[in-house]
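Working notes, beginning with the structure itself.
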Amino acid sequence: MDGVVEISVMQLGKVYLLLLLVLYVLSKAKIKESKLLFIGSIRMTVQLFLAGIILTEIFKMDKWYFTVIYLMVMITFSSRRIFKLNKYLNVKFKIYIVGSIGLSVIFLIIFFVGYVLKVDVLNPQYTIPISGMIVGSTMNGIMLGLKGFKNTLEKSKLEIKTLINLGVTPKKILKPYVNDAIEMAMIPTLNSMVSIGLITLPGMMTGQILAGTLPITAIMYQISIMIMLCTSVTISIFGSMNLGYKTLFNEKGELFLFDEV
Amino acid sequence: MIKIIKTKNLETDFLKYKDVIIDENKTTFIVGVSGAGKSTLLKIFNGTEKFKGEVTYKETYIKDENYIKLRRKIMLIGQQCFLYDLTIIENFKKIYELRDEKMISEDKVNKYLKMTCIEGSLNRKCQDLSGGERQRVFIALMLSFKSEVLMIDEPTSALDNETALKVVGNIKKNCKEEGITLIVVSHDEELVNKYADEIVRL
């Protein structure tokens, strides 16, 4: 198999031309998201280049603490994004979310990199890209779960009020919504396992194959990644929701849902 | 006469209340113009609305009570009722289960449904009932818990006049027999004149 064809800046420039097509459709369909497209394209470019530069340096220096710092930065940024889209969360709930993501990522890295691959868990070449994928998917799952949690609570105001008046404990009132949120968070990951390989070829595998890895090796990595993503989303959302919902009421039985509920 | 609920200098963010006293085992109607805070007062009594001032239930400040226990002692039937999309009997079972209580016999369920003028099969789906019927099934369910105080916010909003009089009459009779203090918020003059032992004007 040949090595990958290096893409020059000029060639990359040509790829950007595709965005004009997207812009055209946006304006034709009167979708006012051209600003988002613009910001998104610029941020994607800057962020990825920065990541590339930083990763090159980290790989070159090969120091364990850079891996740790990179991991912490990733978890911080993904948490911030979750909080930005779910403004109703209280401080304790937020701490549980960060903790759940952090612990599940650390557990999976130790399990896969350390135990399965038998590589040093702080080796940046393995730990950074793998944890990057895990954190990204976990973030998406948790965002979906939390958003769904709030939406269903809002739709069920009358039920909740009625159960409160009936003297049902907040724990019993909220538990079904917690379980629904966990399900909502997990569904996309589970669905992607169904369609993968057939309808979609995942980015990581494509990248590896382009870079000259044997497809079968790429596939085995991909399977491991998919299972890890699924596990990570599951553990994180389970931890976040089951610890977090308990911050929405107190011993006395007062419920502190969000202002609108 | 035992004063079961007492308020002193009660106020919310929007309203100031005069001091209110509710007598035990009596039927008290709360009347007043719209916006006088009738529904809010009921919510304060069962600990679902924030307030400043003092409210005591049997000489204990309700702020010191465990709200779950309080809401089981002072039950509130709000203006809108909620039932699951299940049959009548399944709704009873579900709510009893949620309250961690042993389900009552079908005979007893029928007894309470009869009080609220619901006849027919217990296996009818609640989503097929009319608004008035749903409300009455819900009132029957609440009655079955035999709370110490039962508060009903506009019990007749979805009922015709005749049924309303009959249902409230039956509720009052049941509460007298079981020693339940009944508090009703209503606009209906006829209802007030016929059934009120005490009237609180806000």
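Chain identifiers are assigned alphabetically (A, B, ...) following the order of the sequence lines, protein sequences preceding nucleic acid strands; residue numbering begins at 1 within each chain.
- Taking the side chain as every heavy atom from C-beta outward, B:R71 and A:L166 never approach each other to under 4.5 Å.
- Contact of B:M151 with chain A is not made at all, since no heavy-atom distance falls under 4.5 Å.
- A pairwise comparison of heavy atoms in A:N165 and B:L76 identifies CB-O, 3.5 Å as the closest pair.
- When every heavy atom of B:L98 is checked against every heavy atom of A:K172, the shortest pair comes out as O-CD, 3.3 Å.
- Counting non-hydrogen atoms of other residues, nucleotides and ligands closer than 6.0 Å to NZ of A:K94 gives a total above 12.
- Only the side chain of B:N46 comes within less than 4.5 Å of a heavy atom in chain A; its backbone stays farther off.
- Surrounding CZ of A:F238 are at most 12 heavy atoms belonging to other residues, nucleotides or ligands under 6.0 Å away.
- Interface remark: A:L163 contributes side-chain atoms only to the contact with chain B (heavy atom separation under 4.5 Å).
- Remark: B:E190 CD is loosely packed, at most 12 non-hydrogen atoms of other residues, nucleotides or ligands lying under 6.0 Å away.
- Within 6.0 Å of CD in B:Q127 there are more than 12 heavy atoms belonging to other residues, nucleotides or ligands.
- For chain A, no part of B:L141 is nearby; none of its heavy atoms comes within less than 4.5 Å.
- Within 6.0 Å of the OH atom in B:Y84, the count of heavy atoms belonging to other residues, nucleotides or ligands exceeds 12.
- Counting only heavy atoms from C-beta outward, the side chains of A:P170 and B:I68 approach each other to under 4.5 Å.
- In the displayed structure, B:K63 atom NZ is contacted under 6.0 Å by more than 12 heavy atoms of other residues, nucleotides or ligands.
- A:K161 is not listed as a side-chain neighbour of B:F82, based on a closest heavy-atom distance of 4.5 Å or more.
- Atom CG of residue A:L158 and atom CD of residue B:Q79 lie 11.5 Å apart, to the nearest 0.5 angstrom.
- The number of heavy atoms from other shown groups lying within 6.0 Å of CD1 (A:I69) is above 12.
- Here A:K252 is the residue among A:E254, A:E251, A:K252 with the most heavy-atom pairs under 4.5 Å with chain B.
- Proximity to chain A is limited to the backbone of B:E97, based on heavy atoms less than 4.5 angstrom apart.
- Counting non-hydrogen atoms of neighbouring residues, nucleotides and ligands closer than 6.0 angstrom, the NZ atom of B:K8 reaches no more than 12 such neighbours.
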